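Count residues from 1 along the sequence. Only a predicted model underlies this, so the values are computations on that prediction, with no experimental measurement involved.
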Amino acid sequence: MANVHSVPDWKALYEAALLETDRGKLPARIMSARSAIFDRIEESVTNPLAAEQSAMDNALRNLRRLAELASEPKAA
């Protein structure tokens, strides 16, 4: 299991995904953020932070929406 120091800062990766303007880079940013969030969720089984659970849930929901928008055909 990962420790606190090996888990990437999911918040920074999430923000990077939200702020990415290059549609070509967006899927990788979303994937990195999701991965970091899932790693943190896994870690939180032994080191829970209740307030963070809600923030991660919201972040995952927003990343899902962002991925849907990114996969839509580009407007002409």
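When atom types are taken as modelled, the side chain of S54 and the backbone of A51 share no donor-acceptor pair closer than 3.5 angstrom.
Checked by atom type, the side-chain pair S44/Q53 shows a donor-acceptor distance below 3.5 Å. With hydrogens and angles left out, the side-chain atoms of N62 and Y14 include a donor and acceptor closer than 3.5 Å.
With rounding to the nearest 0.5 angstrom, the CD atom of E15 is 7.0 Å from the CG atom of L19.
Between I37 and L13 there is no side-chain heavy-atom pair separated by less than 4.5 Å. Contact check for W10 versus E52: side-chain heavy atoms found under the 4.5 Å cut-off.
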Would you list the atom pairs, donor with acceptor, under 3.5 Å between side chains in residues 24-34 and any protein atom, with sequence neighbours excluded?
| from | atom 1 | to | atom 2 | distance (Å) |
| --- | --- | --- | --- | --- |
| R29 | NE | E20 | OE1 | 2.8 |
| R29 | NH2 | E20 | OE1 | 3.3 |
| S32 | OG | A28 | O | 3.1 |

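Between E43 and R40 a salt bridge is recorded (basic side-chain N to carboxylate O distance below 4.0 Å).
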